[in-house]
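No hydrogens, no waters, no symmetry mates; every other heavy atom, side chains included, goes into these values.
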Amino acid sequence: MSGREWIMAEVVVHIYDVTNTGSDKTNNTILQINRIFKDGIGLGGIFHSAIQVYGNDEWSYGYCEQGTGVFRCPSSKNPMYTYREKIVLGRTDCTIFMVNQIFRELTREWPGHTYDLLSRNCNHFCDVLCDRLGVPKLPGWVNRFAHAGDTALEVAETTAMRLKQAKTELLSASKVAYRFLSNVTSSVTNSSNGSPQQPGTVNNSDNVVLHIYDVTNSGSEKTNNTILQINRFFKDGIRLGGIFHSAIQVYGDEEWSYGFCEQGTGVFSCPSSKNPMYTYREKIVLGKTECTIFMVNQILRELSREWPGHSYDLLSKNCNHFCDVLCDVLGVPKLPGWVNRFAHAGDTALEVAGNTAMRIKQAKTEIVSASKVAYRFLSNVTSNVTNGSNGSQQRPGTLTSSDNGNSRLQGSWFKGLLNTSKPSTSTEIDNKDEDANQQRKQSRDSAPLHHSAFG
């Protein structure tokens, strides 16, 4: 008897918009965010997810002070959120017995008090469950905002360490440059009072100031208001990020930034805090530069050549990236992470998607081989086992109370194999459809599978 004669259960992810804030205004803002960032540009949003397999319930994870955070409810009926859509992820090779065993393990491994919005939420739980069921994980856009926040914290810590290490080198390089420039400019007089400039001195009277704007140049008042709401919620509310324009002011009354144009440089200046295209938000003093005004002018000339307007990219080369580069050259800290976090998230997601596709392709042969070994093993072990209720031969993957001990051994061995392999691809699943349809027909003549509770 073939070891694949059980029905391969469909695994479905149910996705909701998170609208349990207790405020209609905030809930509507979240719905607008999800429409813009997911439906509009395919980047991400604020979502809850749950997995359905074997039965009519969906399983997910949430916060609670005591006990497990794993819970279930009727599929697509969670009353806390607004239902959005379902996505079929594939079919699992696990039997209902194995699935219940997985739930028991996850119940112990995911207590409610360990919930974390950025690093351990319902979407992370669903990814782990999908991995154990041997199906693809959730689409990247479902949990992209949380990944962005978690990555930003790690990047911030790493950046702080590198800035500290680089401080000595920056100071040394600056001193060498000052000595060289002092020899060149020693005879130049100060334009304001005619007195000769002291060799090697640096004008530190001007700070390096970052000016930040809300991006409200869409041409639509409704869209502009939505962006303002997004920034208030994500930056002012949960300090995650937003949609911002930035510019740097140093030596003088003008600020410098970067934008798109078809020809020429994308670097431009305007009176500080007065850019008419955007809505001014705030300024942040980043520190003092040890560069002279001569050096700053030279830096801006170089950046004008290096940053042509046609190379502008929303995710990987925007005004905030320009300001980071300028700050780095000036020897002051870069922009706070929240200013450009959304762009970093999108750029990272594109790279991850490419790497994931390559890894899935590489793992395909190993997945098929491992599955065949598992099926042969289970087929040989269960080929002589008979059904206790009618004397007929028992199908692999079904359980009786007398066989519970032996089945636990089989399930443990097979689950261990699945946990070391990658999810099956949709092509493999399609090739199995014909066999699966035959098994559904056979299953109608036997006792149906029941979704048992786990303890």
Side-chain angles (χ1 to χ4, degrees), residues 13-21 23-49 76 81-88 117-118 121-123 126 137-152 212-246 258-260 277-279 281 311-321 337-354 356-357:
V13 58
H14 295 282
I15 300 172
Y16 300 77
D17 295 299
V18 174
T19 52
N20 63 332
T21 65
S23 165
D24 288 341
K25 184 176 180 179
T26 302
N27 290 343
N28 289 333
T29 298
I30 291 175
L31 290 173
Q32 287 180 314
I33 290 169
N34 290 353
R35 281 195 290 268
I36 292 173
F37 282 94
K38 196 289 176 179
D39 303 333
I41 61 178
L43 185 61
I46 309 172
F47 303 110
H48 170 80
S49 63
S76 74
Y81 309 109
T82 301
Y83 191 71
R84 167 176 275 264
E85 63 182 296
K86 74 173 184 179
I87 300 173
V88 177
L117 178 66
L118 298 181
N121 60 34
C122 58
N123 301 317
C126 289
K137 294 182 180 180
L138 275 58
W141 56 263
V142 177
N143 206 28
R144 186 161 292 151
F145 280 13
H147 288 315
D150 196 35
T151 301
I212 301 173
Y213 299 77
D214 295 300
V215 175
T216 52
N217 63 332
S218 68
S220 164
E221 185 176 354
K222 183 177 180 181
T223 302
N224 291 342
N225 289 334
T226 298
I227 291 174
L228 291 173
Q229 288 180 313
I230 289 170
N231 290 352
R232 279 195 291 269
F233 179 83
F234 278 98
K235 196 282 174 181
D236 304 332
I238 62 177
R239 299 187 180 278
L240 185 61
I243 309 172
F244 303 110
H245 170 79
S246 63
Y258 171 74
F260 173 81
M277 295 179 63
Y278 309 110
T279 302
R281 167 176 275 264
S311 67
Y312 180 94
D313 184 89
L314 178 65
L315 297 182
S316 61
K317 192 167 183 172
N318 61 34
C319 59
N320 302 316
H321 295 102
W338 54 264
V339 176
N340 206 28
R341 187 162 292 154
F342 282 10
H344 288 314
D347 197 36
T348 300
L350 292 176
E351 182 178 355
V352 169
T356 302

Could you give me the CA-CA distance, side-chain angles and deciding distance for Leu43 and Phe37, then say whether side chain to side chain contact (heavy atoms under 4.5 Å, CB included) is met?
CA-CA 5 Å; Leu43 185 61; Phe37 282 94; 3.8 Å; yes
Side chain proximity check, [X] to [Y], heavy atoms < 4.5 angstrom:
{"X": "Trp338", "Y": "Asn231", "result": "no"}
{"X": "Ile15", "Y": "Val142", "result": "yes"}
{"X": "Ile30", "Y": "Asn34", "result": "yes"}

Can you confirm whether more than 12 heavy atoms, excluding those of Asp24, are under 6.0 Å from its CG atom?
no
For atom NZ of Lys317, is the number of surrounding heavy atoms from other residues, nucleotides or ligands below 6.0 Å larger than 12?
yes
To the nearest 0.5 Å, tell me how far [X] [atom1] sits from [Y] [atom2].
{"X": "Asn224", "Y": "Glu221", "atom1": "CG", "atom2": "CD", "value": "7.5 Å"}
{"X": "Ile46", "Y": "Arg144", "atom1": "CD1", "atom2": "CZ", "value": "14.5 Å"}
{"X": "Asn20", "Y": "Thr26", "atom1": "CG", "atom2": "OG1", "value": "11.0 Å"}
{"X": "Ile230", "Y": "Asp236", "atom1": "CD1", "atom2": "CG", "value": "13.0 Å"}
{"X": "Ile87", "Y": "Leu138", "atom1": "CD1", "atom2": "CG", "value": "7.5 Å"}
{"X": "Asn121", "Y": "Asn123", "atom1": "CG", "atom2": "CG", "value": "4.5 Å"}

Going through the distances and angles, do Tyr258 and Ser311 end up as a side chain to side chain contact (heavy atoms under 4.5 Å, CB included)?
CA-CA 11 Å; Tyr258 171 74; Ser311 67; 3.1 Å; yes
Using ring centroids (six-membered ring only for Trp), state whether Phe244 and Tyr278 fall under 6.0 Å.
no
Between Tyr16 and His48, what is the ring plane arrangement, given parallel below 30°, perpendicular above 60°, and tilted in between?
tilted
Tyr83 vs His14 aromatic rings, parallel, tilted or perpendicular, using cut-offs 30° and 60°?
tilted
By side-chain contact (heavy atoms from CB on, under 4.5 Å) - contacts of Thr29 (at least two apart)
Ile33, Gln229
Any side-chain donor-acceptor pair under 3.5 Å between Asn340 and Asn318?
yes
Which atoms form the tightest heavy-atom contact between Ser49 and Cys126, and what is the distance?
OG-SG, 3.4 Å
Sidechain N-carboxylate O distance under 4.0 Å for Lys235, Asp214
no
